[in-house]
Amino acid sequence: MLDARPLVPRLIKGPNRGLSGAAFSSRLSLRLTSTARGHGRREIRTVKVLTLSTGIDFPHAAQALQIRRRRRRLDQPKRFTTETVYAITDLRVHQTKPAQLATWIRGHWSIENKIHWVRDVTYDEDRCQIRTGTGPEVMAALRNAAIGALRTAGVANIAAANRHHARDSTRPLALLGIT
């Protein structure tokens, strides 16, 4: 059975494999700009959508996106940081609008932040000294399993839940339904 779901835009990491800012400025299909304030900063997001026909090294790619994020902290009004990322999708122009594509991209970052931020901050993964053999992969899998079990139990604050379960050795077992 064929999967009828469309390909949600995929972020392109590393070399842009045929996409460039020049291509977007010369063959631009659609453009969307939005502004948001929160977390002590202001962000201007510009999404440019380009319809593709050939010349890109991704099969079935129908559109390419350039997402430019320009941020400034509210306490530093003259200092901006700019980040440009690219994404592709197999959705055609008539199947989705730039606003929907932008929403999907922001949703992708929400998922990334939900997992990776917890691993980096709560579990201090970047300072882990396990570096040989399959140790790093095993520890990442254990961290992911712990995060998944806590999220499934409805926990919003992983750090507080870790402290709660560390106080009594029967609590993690009960969480997993072992006792």
Side-chain angles (χ1 to χ4, degrees), residues 5-17 19 21 32-48 64-89 98-179:
R5 291 176 298 150
L7 173 69
V8 175
R10 292 187 300 169
L11 291 179
I12 301 170
K13 296 180 180 176
N16 59 23
R17 297 175 70 178
L19 299 177
L32 170 75
T33 300
S34 62
T35 303
R37 286 178 69 148
H39 304 286
R41 63 183 178 257
R42 180 172 184 251
E43 182 176 75
I44 301 167
R45 288 178 298 280
T46 304
V47 178
K48 295 179 182 178
L65 293 82
Q66 179 189 58
I67 302 104
R68 184 172 180 235
R69 298 182 196 99
R70 192 164 180 213
R71 284 188 205 100
R72 75 171 170 84
R73 288 181 30 186
L74 296 177
D75 62 347
Q76 296 178 345
K78 295 186 179 187
R79 192 168 167 206
F80 279 90
T81 60
T82 302
E83 177 186 25
T84 303
V85 295
Y86 296 91
I88 58 164
T89 182
Q100 182 64 45
L101 292 169
T103 301
W104 281 335
I105 294 293
R106 284 188 61 83
H108 167 80
W109 286 113
S110 172
I111 292 167
E112 288 278 320
N113 290 339
K114 200 170 203 176
I115 291 288
H116 296 294
W117 188 85
V118 170
R119 284 175 47 182
D120 289 344
V121 175
T122 303
Y123 290 101
D124 203 12
E125 189 175 59
D126 291 340
R127 289 194 319 151
C128 181
Q129 294 187 6
I130 300 171
R131 294 190 176 89
T132 58
T134 59
E137 290 87 359
V138 170
M139 288 305 299
L142 290 171
R143 289 183 195 105
N144 287 341
I147 293 167
L150 292 169
R151 294 251 191 249
T152 301
V155 171
N157 187 331
I158 301 294
N162 282 341
R163 289 188 297 271
H164 171 77
H165 286 82
R167 289 186 195 112
D168 182 354
S169 62
T170 62
R171 289 177 184 163
L173 298 173
L175 177 71
L176 297 173
I178 295 175
T179 58

**Separation between OH of Tyr123 and CG of Asn162, rounded to the nearest 0.5 Å** = 3.5 Å

**Qualifying salt bridge (Lys or Arg N to Asp or Glu O under 4.0 Å) pairs with a residue from residues 32-46, counting only residues at least two apart or across chains** = Glu43-Arg45, Glu43-Arg71, Glu43-Arg106

Contacts under 3.5 angstrom, residues 165-174 side chains, donor-acceptor by atom type, not counting sequence neighbours:
residue, atom, partner, partner atom, Å
His165, ND1, Ala161, O, 2.8
Asp168, OD1, Thr170, N, 3.1
Asp168, OD1, Thr170, OG1, 3.0
Asp168, OD2, Thr170, OG1, 3.2
Arg171, NH1, His164, O, 2.5
Arg171, NH1, His164, ND1, 3.4

**Prompt:** Could you state the interatomic distance from CZ (Arg70) to OG1 (Thr33), rounded to the nearest 0.5 Å?
**Reply:** 12.0 Å

**Point-to-point distance, once rounded to the nearest 0.5 Å, from OG1 of Thr152 to CG of Leu176** = 10.0 Å

In residues 129-148, what donor-acceptor pairs under 3.5 Å come from side-chain atoms, sequence neighbours left out?
residue, atom, partner, partner atom, Å
Arg143, NH1, Glu125, OE2, 3.0
Asn144, OD1, Arg119, NH1, 3.3
Asn144, ND2, Ala140, O, 3.4

**OH on Tyr86 to CG on Leu65, rounded to 0.5 Å** = 11.5 Å

**Complete:** Separation between CG (Leu101) and NZ (Lys48), nearest 0.5 Å, reads 15.5 Å

**Request:** Nearest 0.5 Å please: distance from the CD atom of Gln66 over to the OG1 atom of Thr46.
**Result:** 8.5 Å

